[in-house]
Trainee: 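One structure coming up, written as structure tokens, with questions to follow.
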Amino acid sequence: TDAVLDRLRPLLESLELPKLGYDLKRVGHLLANHNIALRAVRSDVLIQSYVLNSVMRHGLEDLCRSYLELTPIDPETLLGKGRSKKQFSDLAPDAVLEYSAQKIDYSWRLAALLAHELNRAGQLAEVYRYFEQPLVETLRQIERNGIRLDSSLLEKQSEELAQQLE
């Protein structure tokens with residue numbers, strides 16, 4: 001695993017190579033666990049979908065069915081469930097390759113389709129580009145590092161707000 005990550009590191013950290021995928025905040029966390037910074041994220045299918053329609057289900061499988069009319073390989077079919085659930089490392093390389101290639105292919109298709117839909121929706125493309133997408137990295141950093149609160153300042157603001165509401 002380390003050898004593979006070492007070879008992928010320059011690509012994942014490159015600012016010249018735009019990245020796209022599904023739930024890249026989670027992917028960023030996983031890579032950060034290996035001291036790899038995911039940079040130049042261009043399209044996150046999960047966020048694109050949410051901006052377009054916040055009330056629908058946003059799982060990758062749901063998006064594939066809704067937008068592509070395709071049914072992806074179910075990870076539970078590959079890995080099983082419960083006590084006998086396997087890890088990807090337990091599977092034959094061909095099975096992992098097929099599953100991974102399909103996720104990449106479907107994410108690529110969804111990213112293009114959802115970008116087109118966002119552009120057709122007018123201002124939603126700007127909401128995604130200027131607000132939602134940049135916030136992903138900020139939220140990832142907050143989740144990873146936590147925040148520091150000034151409890152005395154918060155208490156003071158709470159009292160001031162309470163007075164204003166009276």
Side-chain angles (χ1 to χ4, degrees), residues 1 4-81 85-145:
T1 305
V4 172
L5 289 173
D6 287 341
R7 293 195 65 190
L8 291 174
R9 180 184 315 276
L11 302 172
L12 295 167
E13 292 186 342
S14 171
L15 293 172
E16 287 83 39
L17 296 172
K19 318 304 184 293
L20 65 82
Y22 175 83
D23 195 3
L24 294 179
K25 181 172 64 109
R26 184 179 65 82
V27 171
H29 277 301
L30 294 172
L31 291 171
N33 291 340
H34 298 279
N35 297 312
I36 297 174
L38 182 63
R39 294 195 176 103
V41 171
R42 187 66 45 84
S43 297
D44 187 325
V45 171
L46 175 62
I47 306 300
Q48 287 175 310
S49 169
Y50 186 81
V51 169
L52 277 169
N53 184 347
S54 63
V55 297
M56 71 179 284
R57 296 179 67 143
H58 300 285
L60 184 58
E61 295 80 12
D62 300 311
L63 299 177
C64 288
R65 286 186 199 98
S66 295
Y67 289 106
L68 303 176
E69 299 179 357
L70 295 170
T71 303
I73 298 169
D74 181 13
E76 199 171 274
T77 303
L78 285 176
L79 302 172
K81 59 182 179 176
K85 184 177 179 180
K86 299 175 186 172
Q87 300 294 316
F88 277 101
S89 59
D90 299 327
L91 300 177
D94 287 348
V96 175
L97 176 65
E98 181 181 6
Y99 174 78
S100 300
Q102 186 186 73
K103 274 188 81 170
I104 293 166
D105 177 37
Y106 289 1
S107 293
W108 181 266
R109 293 185 201 191
L110 283 166
L113 187 142
L114 295 175
H116 176 73
E117 291 297 314
L118 283 168
N119 286 329
R120 281 185 8 157
Q123 292 182 331
L124 288 181
E126 281 79 34
V127 169
Y128 171 75
R129 188 175 306 112
Y130 297 113
F131 297 102
E132 297 294 337
Q133 183 63 31
L135 277 175
V136 170
E137 179 58 21
T138 303
L139 290 173
R140 190 191 67 73
Q141 288 178 8
I142 289 171
E143 289 173 3
R144 192 150 191 92
N145 302 325

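Because only heavy atoms are used, hydrogens play no part in the values below, and waters and symmetry mates are left out as well, while side chains stay in. Positions are given from 1 along the sequence.
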Trainee: Nearest 0.5 Å, please: how far is CG in L63 from CG in L52?
Mentor: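 Going from CG on L52 over to CG on L63, the span is 10.0 Å.
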Trainee: Can you find a pair of side-chain heavy atoms, one from P75 and one from E61, that are under 4.5 Å apart?
Mentor: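 Yes - at least one pair of side-chain heavy atoms lies under 4.5 Å apart.
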Trainee: Looking at side-chain heavy atoms only, is the closest gap between L110 and C64 below 4.5 Å?
Mentor: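 They are in contact (side-chain heavy atoms under 4.5 Å apart), so the answer is yes.
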Trainee: Report the residues that fulfil side chain to side chain contact (heavy atoms under 4.5 Å, CB included) with E16, sequence neighbours left out, ordered by chain and then residue number.
Mentor: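 With sequence neighbours excluded, E16 shows a side chain to side chain contact (heavy atoms under 4.5 Å, CB included) to S14, given in chain and number order.
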Trainee: Check side chain to side chain donor-acceptor pair (under 3.5 Å) between R65 and all other residues, then give those that pass, not counting sequence neighbours.
Mentor: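 By the side chain to side chain donor-acceptor pair (under 3.5 Å) rule, R65 matches no residue at all.
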Trainee: Going from CD1 on I73 to OG1 on T71, what distance comes out if it is rounded to the nearest 0.5 angstrom?
Mentor: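 One gets 11.0 Å once the value is rounded to the nearest 0.5 Å.
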Trainee: Working to the nearest 0.5 angstrom, can you tell me the gap between L70 CG and D105 CG?
Mentor: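 L70 CG to D105 CG: 8.5 Å, rounded to 0.5 Å.
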Trainee: Would you please name every residue forming a side chain to side chain contact (heavy atoms under 4.5 Å, CB included) with D94, sequence neighbours left out?
Mentor: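 For D94, no residue satisfies side chain to side chain contact (heavy atoms under 4.5 Å, CB included) once neighbours in sequence are set aside.
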Trainee: Say you draw a straight line from CG of L91 to CG of L79; how long is it, rounded to the nearest 0.5 Å?
Mentor: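 Output value for this atom pair is 5.5 Å.
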Trainee: Quick test of your reading: applying ring-ring contact (aromatic ring centres under 6.0 Å, His included), list the pairs with at least one residue in residues 37-81, sequence neighbours left out, ordered by first then second residue.
Mentor: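 Residue pairs with at least one partner in residues 37-81: Y50-H58.
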Trainee: Spell out, as yes or no, whether a donor-acceptor pair under 3.5 Å connects the side chain of K19 to the backbone of D44.
Mentor: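 Here the side-chain-to-backbone pair does not exist.
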Trainee: Can you name the residues that form a side chain to side chain contact (heavy atoms under 4.5 Å, CB included) with D90, not counting sequence neighbours?
Mentor: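 Here the qualifying residues are K86, Q87.
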Trainee: Could you walk me through whether V45 and L20 pass the side-chain contact (heavy atoms from CB on, under 4.5 Å) check?
Mentor: CA-CA 8 Å; V45 171; L20 65 82; 5.6 Å; no
Trainee: Check S107 against G21 and note the closest heavy-atom contact, atom names and distance.
Mentor: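 The answer is CB-CA, 4.3 Å.
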Trainee: Closest heavy-atom contact between V51 and L124?
Mentor: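 Where V51 meets L124 most closely, the heavy atoms are CG1-O, 3.7 Å.
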Trainee: Does K25 have any salt bridge (Lys or Arg N to Asp or Glu O under 4.0 Å) partners at least two apart in sequence or in another chain, and if so, which?
Mentor: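 Salt bridge (Lys or Arg N to Asp or Glu O under 4.0 Å) check on K25 returns E143.
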Trainee: Could you work out, with ring pair (Phe, Tyr, Trp, His ring centres under 6.0 Å) as the rule, every residue matching Y99, not counting sequence neighbours?
Mentor: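 For Y99, the residues satisfying ring pair (Phe, Tyr, Trp, His ring centres under 6.0 Å) (neighbours in sequence not counted) are F88.
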Trainee: Sequence neighbours excluded and cut-off under 3.5 Å, please list the side-chain donor-acceptor pairs for residues 112-121, or say none.
Mentor:
| residue | atom | partner | partner atom | Å |
| --- | --- | --- | --- | --- |
| N119 | ND2 | A115 | O | 3.2 |

Trainee: Please list all pairs passing the side chain to side chain donor-acceptor pair (under 3.5 Å) test where one or both residues lie in residues 132-142, with sequence neighbours left out.
Mentor: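 Of all non-adjacent pairs touching residues 132-142, those that pass side chain to side chain donor-acceptor pair (under 3.5 Å) are Y128-Q133, E137-R140, E137-Q141.
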Trainee: I need the minimum non-hydrogen distance between G59 and Y22, along with the two atoms involved.
Mentor: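 Smallest interatomic distance, heavy atoms only, reads CA-OH, 3.3 Å.
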Trainee: Provide the full list of side chain to side chain donor-acceptor pair (under 3.5 Å) pairs with a residue in residues 32-42, sequence neighbours left out, each pair given once.
Mentor: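 Those involving residues 32-42 are N33-R144.
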Trainee: State which residues pass salt bridge (Lys or Arg N to Asp or Glu O under 4.0 Å) with E126; sequence neighbours excluded, sorted by chain then number.
Mentor: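 Once residues adjacent in sequence are excluded, the partners of E126 under the salt bridge (Lys or Arg N to Asp or Glu O under 4.0 Å) criterion are R129.
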Trainee: For L78 versus A95, what's the shortest heavy-atom pair and its separation?
Mentor: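 Scanning both residues completely, I find the closest heavy atoms to be CD2-CB, 4.3 Å.
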Trainee: State, to 0.1 Å, how close M56 and S49 come at their nearest heavy-atom pair, and which atoms those are.
Mentor: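 Closest approach of M56 to S49, heavy atoms only: SD-OG, 4.2 Å.
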Trainee: Using every non-hydrogen atom in the two residues, find where L60 and K103 come nearest and quote the distance to one decimal.
Mentor: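 Residues L60 and K103, closest heavy atoms: CD2-CE, 3.7 Å.
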Trainee: Strictly by salt bridge (charged side-chain N to carboxylate O under 4.0 Å, His left out), give each pair with a member in residues 46-58 just once, sequence neighbours left out.
Mentor: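 Matches after skipping sequence neighbours: R57-D62.
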Trainee: Rounded at 0.5 Å granularity, tell me how far CG in D74 sits from NZ in K81.
Mentor: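 Between D74 CG and K81 NZ, I get 9.5 Å after rounding to 0.5 Å.
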Trainee: Quick one: are L31 and L12 in side-chain contact, heavy atoms under 4.5 Å?
Mentor: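 Sidechains of L12 and L31: in contact.
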Trainee: What verdict does the side-chain contact (heavy atoms from CB on, under 4.5 Å) test give for I36 and L30, after you've listed the backbone C-alpha separation in whole Å, the side-chain angles of each residue and the deciding distance to 0.1 Å?
Mentor: CA-CA 9 Å; I36 297 174; L30 294 172; over 6 Å; no
